[in-house]
Enquirer: 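I have a structure here, written as structure tokens, and I will follow up with some questions on it.
All residue numbers in this chain count up from 1 along the given sequence. Below, each value reflects all heavy atoms present in this structure, side chains not excepted, and no hydrogens, waters or symmetry copies.
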Amino acid sequence: GLTGNKGWRPHWRDPDPKPDYDIILIGGGGHGLSTAYYLARTYGLSRIAVLEKGYIGGGNVGRNTTIVRANYFLPGNAEFYSHSLKLWEGLEQELNYNVMLSQRGLINLFHSDGQRDAFARRGNAMINQGDDAILLDREGVRDHLPYLDFDNTRFPIYGGLYHPRGGTARHDAVAWGYARGADQRGVDIIQNCEVTGIDIAGGQVRGVQTTRGAIRADKVGIVVAGRSGQVAAMAGLRLPIESHVLQAFVTEGLKPIIDHVVSFGMGHFYISQSDKGGLVFGGDLDFYASYAARGNLPMVEHVMEAGMTLMPMIGKARVLRSWGGIMDMTPDGSPIIDRTGIDGLYIDCGWCYGGFKAVPASGDCFAHLIATDRPHPAAAGFRLDRFRTGRGLMDEEGTGAQHN
Ligand code: FAD
């Protein structure tokens with residue numbers, strides 16, 4: 001199908017690494033690329049390199065189930081994800097790139113009175129934050145999602161929290177759009193360049209060692225998602241992070257049937273339908289620490305069972321593929337955007353299973369931190385030392401996987 005497009009040019013250059021830069025970002029995922037973009041676009045900086053050990057889009061940014069939303073409850077998280085959703089809403093104009101943002105609405109189902117109370121409380125917090133939330137009763141859910149099993153399902157559906165501005169975006173287009181925008185502003189995006197060491201002298205970062213030689217820089221940002229623990233260890237840091245596998249699945253292409261994002265409040269299951277027609281769904285972590293970007297069969301069975309009890313009709317669809325990504329899990333489920341104890345070394349990590357929706361705001365806030373040495377107001381709570389002191393923990397782990 002692409003043979004008629006031989007004149008297409010690459011979206012970004014393929015430069016060799018220079019001997020030195022002002023800023024090096026380790027990791028060319030969504031967060032590294034958006035950080036580079038906002039450093040160039042907002043702060044006019046351009047002597048920046050993004051060093052990616054594989055290829056752009058090969059990490060979690062190209063493996064996630066593409067859900068974007070601003071339905072967090074706790075102060076600290078709520079304003080950050082609200083900021084991110086607003087950036088999403090202007091992203092196509094900002095990047096002049098079709099990231100296929102589809103605000104089709106997200107419905108989190110609840111199955112007990114207690115869950116209804118918790119969702120009502122969360123909905124009020126979302127509205128107070130300036131975002132949108134509608135509490136649906138059972139019939140309200142039926143109006144939107146008539147294909148669910150309302151009669152014989154294992155966990156009766158009591159209602160749902162509807163977030164109309166939530167939805168999906170085309171994940172790899174987001175990476176490509178930020179990569180092109182950063183490249184156009186002079187950022188060097190260097191693929192197949194693995195960072196193997198971090199050079200530090202006198203408490204100040206001096207640069208990095210890579211598979212393509214040493215590169216000097218006075219500021220280095222670590223933005224490597226599932227590899228955060230390993231890369232931080234190169235600077236002698238021990239992070240409060242465990243890496244776990246999260247799997248996802250896609251079926252053959254079907255006619256449009258599921259026109260929202262739906263998450264099941266009793267099992268670990270959530271689903272949407274891609275623009276190509278595939279049903280895209282997933283569940284919870286594989287629950288053992290691992291750096292393997294693939295999962296195991298027990299979680300496959302668990303996710304399929306949860307899907308079948310909620311909407312038995314999906315049993316007719318054939319699953320085409322499953323895959324996994326490496327999640328950087330923090331103890332409180334909230335991320336880290338902070339300085340480290342080493343001058344010039346910054347870290348952006350701990351996105352758990354929900355960092356795709358954070359890509360625009362994380363880039364904006366991490367760029368602000370690197371450029372100004374002060375935290376961005378929307379990310380001021382994402383401090384590394386909260387895990388040491390116990391102050392400022394934002395325990396919102398439950399807003400993850402099944403809600404993705
Ligand atoms: P990545 O794309 O993984 O980028 C990190 C990069 O660092 C990688 O490309 C890696 O190669 C590179 N790197 C690592 N070590 C080195 C090194 N030494 N030198 C150079 N480069 C290095 N989030 C949502 O908000 N909504 C969802 O629906 C959702 N669903 C998900 C479903 C699945 C199956 C998975 C796996 C994740 C999901 N997520 C979701 C989470 C989200 O994808 C991640 O939190 C987010 O993408 C992580 O940030 P990133 O894009 O920068 O990561």
Side-chain angles (χ1 to χ4, degrees), residues 17 21 23-36 39 48-63 175 187-201 203-246 289-293 325-331 335-353 355 358-359 362-363 365-367 369-370 382-385 387-388:
Y21 290 92
I23 301 169
I24 286 173
L25 297 167
I26 310 173
H31 294 241
L33 293 166
S34 62
T35 303
L39 278 167
I48 302 168
V50 176
L51 307 182
E52 166 53 50
K53 76 171 178 177
Y55 62 93
I56 297 304
N60 293 337
V61 71
R63 292 168 178 264
V187 173
D188 282 356
I189 295 169
I190 302 166
Q191 302 180 78
N192 301 310
C193 181
E194 179 171 358
V195 170
T196 53
I198 297 178
D199 297 332
I200 299 162
Q204 158 75 45
V205 78
R206 306 288 173 183
V208 296
Q209 300 291 324
T210 79
T211 46
R212 296 173 69 175
I215 310 176
R216 288 189 302 275
D218 289 339
K219 290 188 172 184
V220 173
I222 301 174
V223 213
V224 291
R227 300 277 171 181
S228 296
Q230 288 180 331
V231 174
M234 295 175 193
L237 302 174
R238 186 156 181 265
L239 296 181
I241 284 189
E242 281 186 21
S243 289
H244 288 261
V245 183
L246 183 69
S290 172
Y291 289 112
I326 313 165
M327 309 289 80
D328 37 336
M329 304 301 297
T330 56
I336 297 163
I337 301 180
D338 206 353
R339 289 183 289 246
T340 64
I342 296 154
D343 284 346
L345 185 65
Y346 305 84
I347 189 149
D348 176 314
C349 65
W351 294 100
C352 303
Y353 19 50
V359 162
S362 168
C365 296
F366 199 36
L369 177 72
I370 293 173
F382 298 159
R383 307 297 299 272
L384 181 55
D385 70 359
F387 300 104
R388 186 169 51 76

Enquirer: Output the distance between atom CE (Met329) and atom OH (Tyr353), rounded to the nearest 0.5 Å.
Expert: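 Output value for this atom pair is 4.0 Å.
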Enquirer: Evaluate the side-chain contact (heavy atoms from CB on, under 4.5 Å) criterion for residues Ile198 and Ile222: first the C-alpha distance (whole Å), next the side-chain angles of each, then the deciding distance (0.1 Å), finally the verdict.
Expert: CA-CA 10 Å; Ile198 297 178; Ile222 301 174; 4.0 Å; yes
Enquirer: Please name all residues satisfying side chain to side chain contact (heavy atoms under 4.5 Å, CB included) with Ala175, sequence neighbours left out, ordered by chain then number.
Expert: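 With neighbours one apart ignored, the set is Leu33, Ile56, Val61.
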Enquirer: Is any side-chain heavy atom of Leu39 closer than 4.5 Å to one of Val187?
Expert: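 No, their side chains stay 4.5 Å or more apart.
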Enquirer: Nearest 0.5 Å please: distance from the CE atom of Met327 over to the OG atom of Ser228.
Expert: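 If we round to the nearest 0.5 Å, Met327:CE and Ser228:OG are 10.5 Å apart.
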Enquirer: How would you list all residue pairs meeting side chain to side chain donor-acceptor pair (under 3.5 Å) that involve residues 189-198, not counting sequence neighbours?
Expert: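 Sorted pair list comes back empty.
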Enquirer: Mind checking ring-ring contact (aromatic ring centres under 6.0 Å, His included) for Tyr21 and listing every partner two or more places apart, or none if nothing turns up?
Expert: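 Partners of Tyr21 by the ring-ring contact (aromatic ring centres under 6.0 Å, His included) criterion come out as none, since no residue qualifies.
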Enquirer: Is there a side-chain contact between Trp351 and Asn60, using heavy atoms and a 4.5 Å cut-off?
Expert: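 Answer no - side chains too far apart.
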Enquirer: Would you say Ser362 and Asp348 are linked by a side-chain donor-acceptor pair, where the criterion is simply a distance under 3.5 Å?
Expert: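 There is such a pair between these side chains.
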Enquirer: How long is the span from the NZ atom in Lys219 to the CG atom in Leu369, to the nearest 0.5 Å?
Expert: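 The NZ atom of Lys219 sits 8.5 Å away from the CG atom of Leu369.
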Enquirer: Where is the tightest heavy-atom contact between Val50 and Ala36, given as atom of each residue plus distance?
Expert: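 Nearest heavy atoms, Val50 then Ala36: CG2-CB, 3.6 Å.
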Enquirer: Does Tyr55 have more than 12 heavy atoms from other residues, nucleotides or ligands lying within 6.0 Å of its OH?
Expert: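 Result for OH/Tyr55: open.
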Enquirer: Between Arg339 (side chain) and Gly344 (backbone), is there a donor-acceptor pair under 3.5 Å?
Expert: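 Pair absent, no side-chain N/O of Arg339 close to backbone of Gly344.
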Enquirer: Please report the interatomic distance OG1(Thr211) to CG(Leu51), rounded to the nearest 0.5 Å.
Expert: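 So the gap between those two atoms works out to 9.0 Å.
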Enquirer: Going from CD1 on Ile337 to CG on Leu384, what distance comes out if it is rounded to the nearest 0.5 angstrom?
Expert: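 So the gap between those two atoms works out to 12.0 Å.
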Enquirer: Can you name the closest pair of heavy atoms from Thr330 and Phe387 and give their distance?
Expert: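 For Thr330 versus Phe387, the nearest heavy atoms are CB-CZ, 3.9 Å.
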Enquirer: For Phe366 and Tyr346, take the angle between the two ring planes, folded into 0 to 90°, and tell me which bin it lands in: parallel under 30, tilted 30 to 60, perpendicular over 60.
Expert: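 Plane angle over 60°, so perpendicular.
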Enquirer: Working to the nearest 0.5 angstrom, can you tell me the gap between Asp338 CG and Phe382 CZ?
Expert: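 Output value for this atom pair is 11.5 Å.
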Enquirer: Which pairs would a plain distance check flag for residues 230-246, meaning a side-chain donor or acceptor within less than 3.5 Å of a matching protein atom at least two apart in sequence or in another chain?
Expert:
from	atom 1	to	atom 2	distance (Å)
Gln230	OE1	Arg227	NH1	2.9
Glu242	OE1	His244	NE2	2.8
Ser243	OG	Gly226	O	2.6
His244	ND1	Tyr288	O	3.2

Enquirer: Determine whether Ile189 and Glu52 satisfy the following criterion, side-chain contact (heavy atoms from CB on, under 4.5 Å), listing intermediate values before the conclusion.
Expert: CA-CA 8 Å; Ile189 295 169; Glu52 166 53 50; 5.9 Å; no
Enquirer: Quick one: does Gln204's side chain have a donor or acceptor within less than 3.5 Å of a partner on Asp218's backbone?
Expert: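 Such a contact is found between Gln204 side chain and Asp218 backbone.
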Enquirer: Quick one, Val224 with Cys349, criterion side-chain contact (heavy atoms from CB on, under 4.5 Å). Give me CA distance, side-chain angles, the key distance, then yes/no.
Expert: CA-CA 7 Å; Val224 291; Cys349 65; over 6 Å; no
Enquirer: List for me each residue that meets side chain to side chain contact (heavy atoms under 4.5 Å, CB included) alongside Arg212, sequence neighbours excluded, and say none if there are none.
Expert: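 Side chain to side chain contact (heavy atoms under 4.5 Å, CB included) list for Arg212, sorted by chain: Asp16, Pro17, Ile190, Cys193, Thr210.
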Enquirer: Among all residues two or more places apart in sequence or in another chain, which pass the side chain to side chain contact (heavy atoms under 4.5 Å, CB included) test with Ser34?
Expert: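 For Ser34 the side chain to side chain contact (heavy atoms under 4.5 Å, CB included) partners, ignoring immediate neighbours, are Tyr38, Tyr178, Val359.
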